[in-house]
2 protein chains.
Amino acid sequence: MLRLSKLSDYGTVIMAHMAREPARSVSAAELADAVGLAPTTVSKVLKLLTRAQLLGSRRGVHGGYALARSPEEISLAQVIAAVEGPIGVTECGAAAGLCAQEAACPSRASWLRVNRVVHEALDGVSLAEFARPAPPPATPVNLAAIHPGGGHTCAP
Amino acid sequence: MLRLSKLSDYGTVIMAHMAREPARSVSAAELADAVGLAPTTVSKVLKLLTRAQLLGSRRGVHGGYALARSPEEISLAQVIAAVEGPIGVTECGAAAGLCAQEAACPSRASWLRVNRVVHEALDGVSLAEFARPAPPPATPVNLAAIHPGGGHTCAP
DNA sequence: GTCATTTGGTACCGATTCAGTCCCGTTTTG
DNA sequence: CAAAACGGGACTGAATCGGTACCAAATGAC
């Protein structure tokens, strides 16, 4: 199904939530409550997002997390990569040198193209857009024609 | 990592191999030998591809598999969907309504857009192209129309 | 200075999913 | 009828994933 992992999904939900009040610092517990997930799980995701420098953190009594950049400057691709590693449909697309047949692979060019498009698609969606879906951007998308297969775990 | 399953990967390799001699009927054993995978595994994948009507099959002593359509008319998306089910980046599967918040989900539009782009990327690569990598096709997916401001490197 | 609070890192377990194999039935041909 | 080949599941071991727990480090209140 070429699906996102649950943790990545959580990551996007969490980041979307934070993007609605970009300046505010929030604790893991508060966030967990807001998105309706187990505090431990939220915490785990927050750690990953922080390590990837998408979030800044502060420890201590009034500690918490806050966006490291403005929501416009954070893309879905960055969030997903932070949680589940390099984005790539095939191994050869995620990092060079993983596939033994790399040099001789007749399909490599095709895969690289697919990988690039996928990455661009995810990189083209900013948190700002993701959190607060405005009327569909620049180019109107024909919703009726969209291939179904979607929805995600929309946390409250 | 948003990665393809191994079985899907095998599927593409097998189909690519068949696309190089589109008219010929090949047995599972012969194919397994050609692509260097276990016969049982190849057989499993072939069954899936056949059930999805990408291949035609004949039983009996001179039986085997053959492409159901010309390589130009079979896309990567079709092969992948045949092996691992409907392509979709997010959960809540093919059936609508699995996600309670579906109607109110603020990110749904974004996800649908991503799904659509991914699907188009995979649908835009034909077996013919995939098996015998030619110079990039005449009409690549028009990313600019979907995400104005587009270009980006694929580097992880 | 001490203590409650909150993040950081890691190790761990249970469950689910995946890859791979095997078995048996059906079809076709010689 | 016998052999070759596909069709459809069932089964198993392994890998991955989701989730939890634990302890260390930092911070601020008192």
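Chain identifiers are assigned alphabetically (A, B, ...) following the order of the sequence lines, protein sequences preceding nucleic acid strands; residue numbering begins at 1 within each chain.
- Between B:Val26 and A:Thr40, the residue whose closest nucleotide on DNA chain D is further toward the 5' end is B:Val26.
- Rounding to the nearest 0.5 angstrom, the gap separating the CD1 atom in A:Ile80 from the CG atom in A:Leu7 is 12.5 Å.
- Atoms CD and CG, from B:Gln78 and B:Leu127 in turn, are 8.5 Å apart once rounded to the nearest 0.5 Å.
- When heavy atoms are screened at a 4.0 angstrom cut-off, B:Ser43 is found touching no nucleic acid atom at all.
- A heavy atom lying under 4.0 Å from DNA chain C marks the following residues of residues 6-15 of chain B, by number: B:Lys6, B:Leu7, B:Tyr10.
- Here the P atom of nucleotide D:dG18 and the NZ atom of A:Lys47 are 16 Å apart, to the nearest Å.
- A straight line from CG of A:Leu31 to P of C:dT6 spans 13 Å, rounded to a whole angstrom.
- A donor atom on one side chain and an acceptor atom on the other are not found under 3.5 Å apart for B:Ser110 and B:Ser107.
- One finds the CG atom of A:Leu55 at 9.5 Å from the CZ atom of A:Arg69 (value rounded to the nearest 0.5 Å).
- Toward the 5′ end of DNA chain D lies the nearest nucleotide of B:Ser27, the other residue of the pair B:Ser27 and B:Lys44 mapping further downstream.
- Rounded to the nearest 0.5 Å, atoms CG (A:Leu67) and CD (A:Glu21) are 10.5 Å apart.
- Residues B:Thr90 and A:Asp9 bring no donor and acceptor atom of their side chains to less than 3.5 Å of each other.
- One can place CG of A:Asp33 at 13 Å from P of C:dT6, the figure rounded to the nearest angstrom.
- Checking the phosphate oxygens (OP1, OP2) of D:dT20, a side-chain nitrogen or oxygen of A:Thr41 falls inside 4.0 Å.
- Straight-line distance from the CD atom of A:Glu30 to the P atom of C:dT7: 10 Å, rounded to whole Å.
- The distance from the CG atom of A:Leu31 to the CG atom of A:Leu46 is 5.5 Å, given to the nearest 0.5 Å.
- The distance from atom CZ of A:Arg51 to atom C1' of C:dT7 is 12 Å, rounded to the nearest whole Å.
- Under 4.0 angstrom from either OP1 or OP2 of C:dT7 there lies no side-chain N or O belonging to A:Thr50.
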| Run the side chain to side chain contact (heavy atoms under 4.5 Å, CB included) check on B:Val42 and B:Tyr65 step by step: do they pass? | CA-CA 12 Å; B:Val42 169; B:Tyr65 296 90; over 6 Å; no
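- Across the protein-nucleic acid pair, A:Leu48 atom CG and D:dG19 atom P stand 13 Å apart, rounded to whole Å.
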Within the sub-3.5 Å range, which N or O atoms of nucleotides 27-30 of chain D have a protein N or O partner, and how far apart are they?
from, atom 1, to, atom 2, distance (Å)
D:dT27, O3', A:Arg58, NH2, 3.3
D:dT27, O2, A:Val61, N, 3.4
D:dG28, OP1, A:Arg58, NH2, 2.1

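- The nearest whole Å value for the distance from the CG atom in A:Leu2 to the P atom in C:dT17 is 17 Å.
- With values rounded to the nearest 0.5 angstrom, B:Ser75 atom OG is found 9.5 Å from B:Met15 atom CE.
- Among the heavy atoms of the strands lying under 4.0 Å from A:Ala28 are primed sugar atoms or P, OP1, OP2 only; no base atom is included.
- Remark: C1' of D:dC6 and CG of B:Leu55 are 12 Å apart, rounded to the nearest angstrom.
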